[in-house]
Amino acid sequence: MTDIEIPYKEDRGWKYRSLEILPGALSWSMLLLPLVLSLINVTFASIFILAYLLVFFARSIGVNLRAFQGYNMMQKHRKFPWADMLDELDRGEVSDPEAKRPKWHAENIARHTSDASLIRPSDVVHVIMIATYNESREVLEPTIQSVVASDYDMKKVILVLAYEERGGELVSRQAQELVAQYRDTFKFAWAVKHPKDLPGEIRGKGGNITYAGKILQEHLEEEGVNPEYVIVTTLDADNRPDPKYLSALSYVYCMLPDPTHVSIQPISMYTNNIWDAPAPMRVIATGNTFFNIVLSLRPHMLRNFSAHAQSMASLIQTNFWSVRTIVEDGHQFWRSYFRFEGNYRVIPLYVPIYQDAVLAEGYLKTFKAQFIQLRRWTYGASDIAYVITHGFLMPNKVPRFDLISKTWRLIEGHVTWAVGPIISLTAGFIPALIHSDSYAANELPIIVSNIQTVALIGLSASLFICFKTLPPKPARYRHHRSLFMVLQWVYLPVTTIVFNSFAALNSQTRLMFGRYLDKFDVTEKAVKTEAGETISRDTKE
């Protein structure tokens with residue numbers, strides 16, 4: 001069986017360490033390249049900078065077009081009567097010939113009826129696994145309530161509340177109380193305590209949900225439930241599925257010819273508390289929503305992220321999630337990819353799961369929490385060494401072209417995350433600072449400014465997504481709050497560089513020097529009441 005584990009720190013030889021240095025070395029080299037080229041030859045520097053900006057500009061146009069397409073796709077899928085369509089898929093016929101259904105629904109019914117290998121909707125069992133560390137009840141309970149509010153039979157849903165022993169007695173008591181309160185609503189419900197300091201584990205979400213997953217496996221075996229019929233959705237404490245999520249997920253899952261080798265990725269939208277978050281955090285949250293909508297239309301680039309669904313059979317074969325990394329979600333794609341010798345993919349589900357923008361007590365705590373969250377996400381650069389090692393330095397049957405293209409996108413994506421905004425905003429002025437008497441060097445900032453001005457038109461896509469996805473304004477805010485939703489975009493250059501680029505550079509530089517992030521820094525989650533009071537719980541141990 002293929003070894004899919006990340007090596008421990010003490011087992012990483014010089015080859016693996018060299019590959020960990022790679023993303024940071026590439027990023028810092030890219031940042032220095034405009035300066036180095038300017039010192040060597042101003043023409044070469046100008047050509048490089050202009051070419052990079054034009055590529056960046058062309059990509060931004062494509063991304064903005066995808067954003068509109070993705071939003072329309074999501075809105076269309078949210079309107080589908082998934083519960084009725086799922087029932088019709090199970091019965092093998094459309095209940096009402098006059099009812100409006102997408103054209104492909106009748107074809108799916110015919111295919112599902114004729115193919116006995118496809119899973120029947122009535123056989124599907126959902127598991128909602130909510131991971132919590134020390135979030136307050138005000139954060140956690142609305143997530144459970146959002147699941148209960150689904151247009152789906154809760155007696156076909158298992159609730160697993162995976163909590164940490166290191167969270168303390170208050171967290172333990174809260175978990176037990178919530179499960180006791182909602183137990184009769186679900187098919188089964190458990191609160192599973194993850195013991196602290198288990199051998200071989202870092203302090204992270206992966207260890208928590210893996211421990212809960214193994215408890216779940218034992219129960220399913222006792223009940224004689226086929227793991228291929230079980231879909232596991234992992235949620236953070238603030239993740240609230242759309243009411244149609246479970247029905248849509250069931251429908252898609254039952255149409256998969258090979259569900260063990262697939263995971264399903266809904267669209268993560270950071271809108272739960274968007275009205276309450278500070279303006280810079282709102283910009284970042286909207287940008288994250290924007291990016292996830294765009295990514296849903298590019299299945300070849302989709303990876304497990306945050307809330308996602310995977311069959312229990314698949315999880316068992318990968319020994320659940322990694323307990324050795326803080327980025328267990330994205331890393332789960334690569335574990336599955338190598339476990340199944342490349343026969344694994346992520347498909348989009350155009351139904352959202354709503355999440356929180358970063359909000360803590362006070363601006364400074366909020367800014368720090370935002371940086372820490374993005375640093376954790378950008379630490380996915382640690383997968384580069386893992387992928388190259390398992391894909392190119394260890395025996396495997398993964399298709400070469402697919403592996404090369406995925407590896408390239410992984411590297412290029414993390415390098416661009418770190419340097420793209422910085423180069424785009426600053427590189428055009430470097431040649432003129434060094435060669436003040438050069439015509440080409442002095443013309444470059446003007447050309448760059450014109451490109452950036454045209455690129456600002458693309459901001460309309462972000463504004464469109466921002467306003468179209470906004471939940472209703474809470475009564476505690478006055479009308480001028482809506483105006484701030486427009487004015488907040490002046491923060492975009494600052495948030496992009498200070499939070500995204502600097503977080504990515506921080507993660508990659510840490511990897512270069514072996515200063516690993518071996519502890520999952522939980523993002524503090526606060527809630528504002530109708531009275532405007534902020535309720536939070538300190539995330540420090």
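All values reported here derive from a predicted model rather than from experimental measurement. Quick note: numbers below take in every heavy atom, side chains included, and nothing from hydrogens, waters or symmetry partners.
- Under the 6.0 Å distance and 45° angle rule, Arg510 does not count as a cation-pi partner of Tyr516.
- With hydrogens and angles ignored, the 3.5 Å screen pairs no side-chain donor or acceptor of Arg166 with any backbone N or O of Lys196.
- Between the side chain of Tyr16 and the backbone N or O of Thr389 there is no donor-acceptor pair closer than 3.5 Å.
- Residues Arg303 and Lys406 meet the side-chain proximity criterion, which asks for heavy atoms closer than 4.5 Å.
- A salt bridge does not link Arg324 with Glu201: none of the charged nitrogens is closer than 4.0 Å to a carboxylate oxygen.
- Asn506 places no side-chain N or O within 3.5 Å of a backbone atom of Phe502 that could act as its donor or acceptor partner.
- With a 4.5 Å cut-off on side-chain heavy atoms, Pro23 and Ile411 do not count as touching.
- Relative to the ring axis of Phe392, Arg400 places its NZ or CZ within 45° and under 6.0 Å from the centre.
- Gln317 and Ser314 share no side-chain donor-acceptor pair at under 3.5 Å.
- The two atoms that bring Ala381 and His414 nearest to each other are N-CE1, 3.2 Å, heavy atoms only.
- Using modelled atom types and a 3.5 Å distance limit, the side chains of Glu412 and Thr416 yield a donor-acceptor pair.
- Environment of CZ in Arg481: crowded, with over 12 heavy atoms of neighbouring residues, nucleotides or ligands closer than 6.0 Å.
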Handout entry: Chi angles and distances behind the side chain to side chain contact (heavy atoms under 4.5 Å, CB included) call for Val415, Met30
Key = CA-CA 8 Å; Val415 171; Met30 285 289 291; 4.2 Å; yes
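- Between the side chains of Tyr354 and Asp242, a donor-acceptor pair is found at a separation under 3.5 Å.
- A 4.5 Å side-chain heavy-atom check between Ile326 and Ile202 finds at least one atom pair inside the cut-off.
- Side-chain atoms of Gln265 and His308 form no donor-acceptor pair, as typed in the model, at a separation below 3.5 Å.
- Using a 4.0 Å cut-off between a side-chain N of Lys or Arg and a carboxylate O of Asp or Glu, Asp518 and Lys9 qualify as a salt bridge.
- Under a 3.5 Å cut-off, the side chain of His77 and the backbone N or O of Leu349 do not form any donor-acceptor pair.
- Shown here are the ring pair (Phe, Tyr, Trp, His ring centres under 6.0 Å) partners of Phe68, two or more places apart in sequence or in another chain: Phe464.
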Problem - Verdict with reasoning, Leu19 to Ile384, per side chain to side chain contact (heavy atoms under 4.5 Å, CB included) - result: CA-CA 7 Å; Leu19 295 171; Ile384 292 173; 5.7 Å; no
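- A salt bridge does not link Arg17 with Glu10: every distance from a Lys NZ or Arg NE/NH1/NH2 to an Asp or Glu carboxylate oxygen is 4.0 Å or more.
- Judged by distance alone, the side chains of Asn304 and Asp329 never bring a donor and an acceptor atom under 3.5 Å apart.
- Taking OH from Tyr253 and CD1 from Ile347, the interatomic distance works out to 10.5 Å, rounded to the nearest 0.5 Å.
- Summarising the geometry of Gly70 relative to Ile293, their closest heavy-atom pair is C-CG2, 3.5 Å, with the distance given to 0.1 Å.
- With hydrogens and angles ignored, the 3.5 Å screen pairs a side-chain donor or acceptor of Thr143 with a backbone N or O of Ala237.
- Of the N and O atoms on the side chains of Thr234 and Trp321, not one donor lies less than 3.5 Å from an acceptor on the other residue.
- Listed for the Thr378 side chain is a donor-acceptor partner under 3.5 Å among the backbone atoms of Arg375.
- Dense packing is recorded around CZ of Arg409, with more than 12 heavy atoms of other residues, nucleotides or ligands lying under 6.0 Å away.
- In this structure the side chain of Leu295 never reaches within 4.5 angstrom of the side chain of Phe305, judged on heavy atoms.
- Here Asp521 does not pair with Arg376 in a salt bridge; the nearest charged N to carboxylate O distance is not below 4.0 Å.
- Counting only heavy atoms from C-beta outward, the side chains of Phe499 and Val494 never approach each other to under 4.5 Å.
- In this structure, Arg240 is not positioned above the aromatic face of Tyr245 in the sense of NZ or CZ being under 6.0 Å from the six-membered ring centre and within 45° of the axis.
- The shortest heavy-atom contact between Glu135 and Val522 is OE2-CG1, 3.8 Å.
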Handout entry: Full working for side chain to side chain contact (heavy atoms under 4.5 Å, CB included) between Val358 and Ile372
Key = CA-CA 10 Å; Val358 172; Ile372 288 174; over 6 Å; no
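- Contacts of Phe333 classified as ring pair (Phe, Tyr, Trp, His ring centres under 6.0 Å), with partners at least two apart in sequence or in another chain: Tyr337, Tyr344.
- Scanning both residues, Met129 and Ala162, for their nearest heavy atoms gives CG-CB, 4.5 Å.
- A side-chain N or O of Thr318 and one of Gln332 form a donor-acceptor pair less than 3.5 Å apart.
- Counting non-hydrogen atoms of other residues, nucleotides and ligands closer than 6.0 Å to CH2 of Trp28 gives a total of 12 or fewer.
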Can I get a per-line list of side-chain donor-acceptor pairs under 3.5 Å for residues 40-57, giving both atom names and the distance, sequence neighbours left out?
| from | atom 1 | to | atom 2 | distance (Å) |
| --- | --- | --- | --- | --- |
| Asn41 | OD1 | Thr43 | N | 2.8 |
| Asn41 | OD1 | Phe44 | N | 3.1 |
| Ser46 | OG | Val42 | O | 2.9 |

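- In this model, a donor atom of one side chain and an acceptor atom of the other lie less than 3.5 Å apart for Gln355 and Ser306.
- Of the inter-residue distances, the one linking Ile388 atom CD1 with Asp383 atom CG reads 11.0 Å to the nearest 0.5 angstrom.
- Ring-plane geometry between His390 and Phe338 is classed as tilted, the angle between the planes lying from 30 to 60 degrees on a 0 to 90 degree scale.
- Rounded to the nearest 0.5 angstrom, Thr426 OG1 and Leu35 CG are separated by 10.5 Å.
- With 3.5 Å as the limit, one finds a donor-acceptor pair spanning the side chains of Ser27 and Gln508.
- With rounding to the nearest 0.5 Å, the separation of CG in Asn208 from CZ in Arg203 is 13.5 Å.
- Among the candidates Val232, Ile209, Leu315, the single residue satisfying the side-chain contact (heavy atoms from CB on, under 4.5 Å) test with Phe320 is Leu315.
- Judged by distance alone, the side chain of Tyr386 and the main-chain N or O of Ile4 form a donor-acceptor pair under 3.5 Å.
- The CD1 atom of Ile130 sits 10.0 Å away from atom CG of Asp236, with the distance rounded to the nearest 0.5 Å.
- Within 6.0 Å of CZ on Phe467 lie more than 12 heavy atoms contributed by other residues, nucleotides or ligands.
- Between the side chain of Ser436 and the backbone N or O of Leu433, no donor-acceptor pair lies under 3.5 Å.
- Judged by distance alone, the side chain of Trp275 and the main-chain N or O of Pro471 form a donor-acceptor pair under 3.5 Å.
- When all heavy atoms of Ile353 and Pro241 are compared, the closest pair comes out as CG1-CA, 3.9 Å.
- The number of heavy atoms from other shown groups lying within 6.0 Å of CG (Leu364) does not exceed 12.
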Practice task
Please step through side chain to side chain contact (heavy atoms under 4.5 Å, CB included) for the pair Arg282 and Met485, ending with a clear verdict.
Solution key: CA-CA 8 Å; Arg282 295 199 299 266; Met485 289 291 181; 3.4 Å; yes
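- Minimum interatomic distance between Val351 and Ala248 (heavy atoms only, all atoms of both residues): CG2-CB, 3.8 Å.
- The structure places CE of Met269 at 10.0 Å from CD1 of Ile274, a figure rounded to the nearest 0.5 Å.
- Using modelled atom types, one side-chain atom of Asn396 and one backbone atom of Met394 make a donor-acceptor pair closer than 3.5 Å.
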